[in-house]
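Accompanying notes for the structure given below.
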Amino acid sequence: MSATVSFPVPGPRGPKDVTVSYARVGRGEPLVLLHGIGHHRQAWDPVVDILATEREVIAVDLPGFGASPGLPDGLDYTLPATNAVLGALFEALELDRPHIAGNSLGGLLALELGREKLVRSVTALSPAGFWTEAERRYAFTVLLTMRAVAQRLPLPLVERMSRTAAGRTALTSTIYARPAHRAPEAVVAETLALVGADGFDATLRAGRTIRFTDELAGLPVTVGWGTRDMILVRRQGVRAKQMIPHARLVRLPGCGHCPMNDDPALVARVILDGSR
């Protein structure tokens, strides 16, 4: 069931109230799910029901994405500020060091929360932050192009395109290896989420100098990478393993940048195994 929660977050000019939309389902140890830039929590829908058989699942709309409003004046979209927001969210939802899984931007945020010792395990699917400068520029160009195209498409056209496999492929093949598997209504909703993502530009600006450089010693870490990721190429997974030697690096055959849609059973198993 979806809900919202508001809570204060410290800022340079005093605390600011932040509101976050989330959905909470299932029973067991808590597991927080974080989506990528321009997406929303429904990116996790293909795996939530499987995960909820063994975990209490909390899927979050990051501030400025999905149904969560943007950050108030005085707070920015840098990693330290976002860490503070998510740490305060955990307190507001009474989550004591939950497991966490994230995709893309969400994967980087999950790793950052691990570095801050705010979680008990991390599963990162195609996380940002292990790129070369050329790879980062390429990824940002793809993301900006995706958003520019989505902004130019009239909603009736998006709805028509979503009703055919060819149309869904045209709209989402950059992030999914099997775009025809995505439900038409989901394709429409995530196209609208990309268009309406208030935090998109500020998040990209904050990401220009980001590299993840922590071994996360003592924390269970799983890194999964789709073999058909067209945004963050899979050799970045090898770099992640070199940076975090004890991490479990999992190949996701036939999966794209958002693997939850491409192989829900495999992705759910990877997350559950990584959050024991």
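This structure is a prediction, so every number in the text was calculated from the model and none was measured.
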Practice problem: Identify the heavy atoms of Ala197 and Arg147 that sit nearest to each other, and give their distance. | Solution: O-NH2, 3.0 Å

Exercise. May I ask you to check whether over 12 heavy atoms, not counting those of Arg27, lie within 6.0 Å of atom CZ?
Key: no

Practice problem: Using side-chain hydrogen bond (donor to acceptor under 3.5 Å, both in side chains) as the criterion, list what pairs up with Arg115, not counting sequence neighbours. | Solution: Glu112

Practice problem: Using a strict cut-off of less than 4.0 Å between a Lys/Arg side-chain nitrogen and an Asp/Glu carboxylate oxygen, indicate whether Asp273 and Arg269 qualify as a salt bridge. | Solution: yes

Quiz item: Which residues pass the side-chain hydrogen bond (donor to acceptor under 3.5 Å, both in side chains) test with Thr191, sequence neighbours left out?
Solution: none

Quiz item: Hey, what do you get for CE (Met146) to CG (Leu194), rounding to the nearest 0.5 Å?
Solution: 5.5 Å

Exercise. Compare all side-chain heavy atoms of His39 with those of Cys258 and state whether any distance is below 4.5 angstrom.
Key: yes

Quiz item: By the rule that ILVMFWY residues connect when side-chain heavy atoms come within less than 4.5 angstrom, directly or transitively, which residues belong alongside Val57?
Solution: Val25, Leu31, Leu33, Trp44, Val47, Val48, Leu51, Leu125, Val250, Leu252, Met260, Leu266, Val267, Val270, Ile271, Leu272

Exercise. Report yes if some heavy atom in the side chain of Glu190 is under 4.5 Å from a heavy atom in the side chain of Thr172; otherwise report no.
Key: yes

Quiz prompt | Option passing side-chain contact (heavy atoms from CB on, under 4.5 Å) with Phe130 (candidates Val223, Leu111, Leu108) | solution = Leu111

Quiz item: Can Cys255 and Thr227 be said to form a side-chain contact (heavy atoms from CB on, under 4.5 Å), step by step?
Solution: CA-CA 6 Å; Cys255 289; Thr227 61; 5.9 Å; no

Quiz prompt | Minimum heavy-atom distance Gly274-Arg248, with the two atoms named | solution = N-NH2, 3.5 Å

Self-check item: Arg168 side-chain N/O to Val187 backbone N/O, donor-acceptor pair under 3.5 Å
Solution: no

Quiz item: Near Asp49 CG, under 6.0 Å, is it more than 12 heavy atoms from other residues, nucleotides or ligands?
Solution: no

Quiz item: What residue among Arg55, His99, Glu29, Glu54 forms side chain to side chain donor-acceptor pair (under 3.5 Å) with Ser275?
Solution: Arg55

Exercise. Specify the closest pair of heavy atoms between Gly254 and Ala177, including all atoms of both residues, with the distance to one decimal.
Key: O-CB, 3.2 Å

Quiz prompt | Validation row: Val32, Leu86 side chains within 4.5 angstrom (heavy atoms) | solution = no

Quiz item: Mind checking whether Arg211 and Trp131 have side chains closer than 4.5 Å, heavy atoms only?
Solution: yes

Quiz item: Is Glu116 salt-bridged to Arg97, cutoff N-O under 4.0 Å?
Solution: no

Quiz item: Leu75 versus Pro72: any side-chain heavy-atom pair under 4.5 Å?
Solution: yes

Practice problem: Report the C-alpha separation of Leu93 and Tyr22 in whole Å, then their side-chain angles, then the decisive distance to 0.1 Å, and conclude whether the side-chain contact (heavy atoms from CB on, under 4.5 Å) test is met. | Solution: CA-CA 10 Å; Leu93 297 181; Tyr22 67 98; 3.6 Å; yes

Quiz item: In chain order, what residues pass the side chain to side chain contact (heavy atoms under 4.5 Å, CB included) check against Leu153, with sequence neighbours excluded?
Solution: Val149, Leu157, Val158, Leu171

Quiz prompt | Ion pair Glu135/Arg239, N-O distance below 4.0 Å | solution = yes

Quiz item: Under the side-chain contact (heavy atoms from CB on, under 4.5 Å) criterion, do Ile100 and Thr123 qualify, and how do the steps go?
Solution: CA-CA 6 Å; Ile100 193 159; Thr123 301; over 6 Å; no

Tabulate below the donor-acceptor pairs under 3.5 Å that side-chain atoms of residues 11-21 make, not counting sequence neighbours, or state none.
from, atom 1, to, atom 2, distance (Å)
Thr19, OG1, Ser6, OG, 2.7
Ser21, OG, Arg41, NH1, 2.7

Self-check item: Residue that, paired with His257, satisfies side-chain contact (heavy atoms from CB on, under 4.5 Å) out of Val233, Asp262, Ile231, Val142
Solution: Ile231

Quiz item: Within a radius of less than 6.0 Å around CD of Glu133, do more than 12 heavy atoms belonging to other residues, nucleotides or ligands occur?
Solution: yes

Exercise. Walk me through it: do Thr203 and Phe65 pass the test side-chain contact (heavy atoms from CB on, under 4.5 Å)?
Key: CA-CA 10 Å; Thr203 298; Phe65 299 95; 3.7 Å; yes

Quiz prompt | Contacts of Thr78 that satisfy side-chain hydrogen bond (donor to acceptor under 3.5 Å, both in side chains) - sequence neighbours left out | solution = Asp76

Practice problem: State whether the number of non-hydrogen atoms from other residues, nucleotides or ligands found under 6.0 Å of Gln151 atom CD is greater than 12. | Solution: yes

Quiz prompt | Distance under 6.0 Å and angle within 45° of ring axis: Arg136 vs Phe140 | solution = yes

